[in-house]
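These notes are about the structure you will find just below.
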Amino acid sequence: MRIDLLSLFPEFVAQVAGHGVVGRAQERGLLSIHGWNPRDFAEGNYRRVDDRPFGGGPGMVMMIEPLRAALAAARAADPRPVRVIYMSPQGAPLTQAKARELASLERMVLLCGRYEGVDERFLQAEVDEELSIGDYVLSGGELAAAVVIDATARLLPGALNDAESAVQDSFEGEGGLLDCPHYTRPLEHPFGTVPPVLLSGNHAEIAKWRRMQSLGRTWLRRPELIDRDGLSKHDRKLLDAFLAGQTAGPDEGTGNPPGTPNP
Ligand code: 9D3
């Protein structure tokens with residue numbers, strides 16, 4: 001996959017994308033990221049990329065021409081058709097399903113706005129879709145583009161190691177439940193004990209406990225992700241057992257999550 005960034009700070013995004021899974025995907029040749037700075041395509045001594053909004057008001061608006069020229073250069077750098085995405089608070093929310101869709105593309109352009117935004121005529125003429133990463137205010141589209149790149153790159157075939165893929169498969173297979181709690185050494189610590197079931201060696205019981213934790217935490221923390229009536233009979237029993245453990249009284253100081261049987 002090839003990603004072209006249109007940004008006044010393209011090296012900022014490339015920096016974020018140089019580490020971890022995304023960096024490795026680039027090293028493995030699964031992904032290439034190319035930055036284009038509209039400032040390099042701006043005319044005149046001042047190389048203006050923004051101007052005051054018609055109608056007045058605060059802030060500045062990114063001008064059409066530097067963006068148009070930068071996008072034309074990005075398009076011309078590769079013959080394959082490209083999806084042009086504007087990172088914008090007005091966009092559709094990024095979801096895992098959207099990340100999967102984007103990971104299936106051969107190319108995309110991520111346009112990052114600064115100031116108050118981009119001249120609407122450029123968006124109408126050149127942009128295929130707008131994406132937001134959530135309902136909070138950022139200072140520009142660059143961090144949002146980095147999020148899209150991260151979520152997308154890890155879905156490219158070969159980007160993850162076997163261990164990482166196993167985790168991801170189970171997450172996607174669980175239909176969007178939250179993860180269960182995790183523990184590692186030391187076994188004994190002033191902060192609490194480890195749920196005994198995890199030390200039992202009984203893999204069926206461990207899987208059952210983890211599933212119960214995932215169901216219970218999702219129910220408590222993100223109820224909109226779970227449809228109790230849509231659960232299988234088995235899952236409904238696990239959720240009920242979790243919730244019964246919730247109200248069964250103190251955990252006797254173990255600090256274990258609710259639903260963990262005390263020995
Ligand atoms: C304070 C400025 N706001 C005036 C009412 C509008 C505004 C303009 C530009 C708010 C944020 C931004 C910059 N944000 C992005 O470019 C952005 C973004 C975001 O802020 N939140 C979530 N997703 C995204 S994607 C791009």
Side-chain angles (χ1 to χ4, degrees), residues 1-22 31 33-42 47-71 73-75 82-105 107-156 176 221-222 224-225:
M1 171 176 224
R2 174 182 171 123
I3 299 176
D4 292 273
L5 278 160
L6 259 60
S7 163
L8 292 172
F9 310 102
E11 43 325 301
F12 173 57
V13 183
Q15 187 72 240
V16 173
H19 298 276
V21 172
V22 182
L31 173 69
I33 301 176
H34 307 262
W36 304 88
N37 191 337
R39 179 119 18 222
D40 296 335
F41 297 83
R47 301 205 163 265
R48 282 195 83 116
V49 294
D50 63 316
D51 208 335
R52 290 150 57 203
F54 282 121
M60 301 293 269
V61 176
M62 290 179 76
M63 299 162 69
I64 297 176
E65 266 312 303
L67 285 172
R68 194 201 52 71
L71 178 58
R75 286 191 195 275
V82 61
R83 176 97 59 104
V84 179
I85 300 172
Y86 176 40
M87 301 311 305
S88 149
Q90 284 75 47
L94 178 67
T95 61
Q96 190 63 22
K98 174 56 72 173
R100 243 173 275 130
E101 179 194 326
L102 297 180
S104 76
L105 301 175
R107 284 195 74 183
M108 62 178 166
V109 164
L110 299 178
L111 165 59
C112 305
R114 281 274 152 173
Y115 319 117
E116 285 311 297
V118 172
D119 190 308
E120 186 68 19
R121 294 167 294 178
F122 178 83
L123 303 179
Q124 287 291 328
E126 296 272 34
V127 167
D128 297 309
E129 64 179 286
E130 299 189 24
L131 275 185
S132 162
I133 62 162
D135 293 335
Y136 38 82
V137 181
L138 303 173
S139 309
E142 283 78 9
L143 277 174
V147 167
V148 168
I149 291 171
D150 189 282
T152 303
R154 61 200 312 287
L155 297 175
L156 298 175
R221 299 181 188 194
R222 299 289 303 277
E224 79 279 14
L225 294 181

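Residues: numbered from 1 along the sequence shown. Numbering of ligands and ligand atoms starts at 1, following listing order.
Residues Met60 and Arg48 are in side-chain contact: their nearest non-hydrogen atoms beyond the backbone lie under 4.5 Å apart.
Checking Ile133, Leu138, Leu143 against atom 18 (C) of ligand 1, the nearest heavy atom belongs to Leu138. Closest to atom 22 (C) of ligand 1 by heavy atom, among Gly141, Gly134, Ala145, is Gly134.
Note that CG of Leu111 is 14.5 Å distant from CH2 of Trp36, once rounded to the nearest 0.5 Å. Atoms CD1 and CD1, on Ile149 and Ile33 in that order, are 4.5 Å from each other to the nearest 0.5 Å. For the atom pair CD1 (Ile85) and CG (Leu105), the distance works out to 7.0 Å, reported to the nearest 0.5 Å.
In this structure, atom 1 (C) of ligand 1 lies nearest to the protein heavy atom Val137 CG1, 4.4 Å. When hydrogens are left out, the protein atom nearest atom 21 (N) of ligand 1 is Tyr136 O, 2.8 Å; that is the closest non-hydrogen contact. Scanning the protein heavy atoms around atom 6 (C) of ligand 1, the nearest turns out to be Glu116 OE1, 3.8 Å. Ranking the protein heavy atoms by distance from atom 17 (C) of ligand 1 puts Pro89 CD, 3.6 Å first.
Ligand-side atoms of ligand 1 in range of Ala144: 25 (S), range being under 4.0 angstrom from any heavy atom. Contact atoms of ligand 1 toward Tyr115: 8 (C), 9 (C) (distance under 4.0 Å to a heavy atom of the residue).
Within the 4.0 Å cut-off (strictly below), a protein heavy atom is located near atom 9 (C) of ligand 1.
Arg2 contributes no side-chain N or O that, together with a main-chain N or O of Arg107, makes up a donor-acceptor pair within less than 3.5 Å.
Heavy-atom separations between Leu131 and ligand 1 include at least one value shorter than 4.0 Å. In this structure, Ser88 has a heavy atom closer than 4.0 Å to ligand 1.
The two residues Val22 and Ala153 come nearest to each other via the heavy atoms CG2-CB, 4.0 Å.
More than 12 heavy atoms of other residues, nucleotides or ligands shown are found within 6.0 angstrom of CD on Glu101. Counting heavy atoms of neighbouring residues, nucleotides and ligands inside a 6.0 Å radius, atom CZ of Arg52 does not exceed 12 of them.
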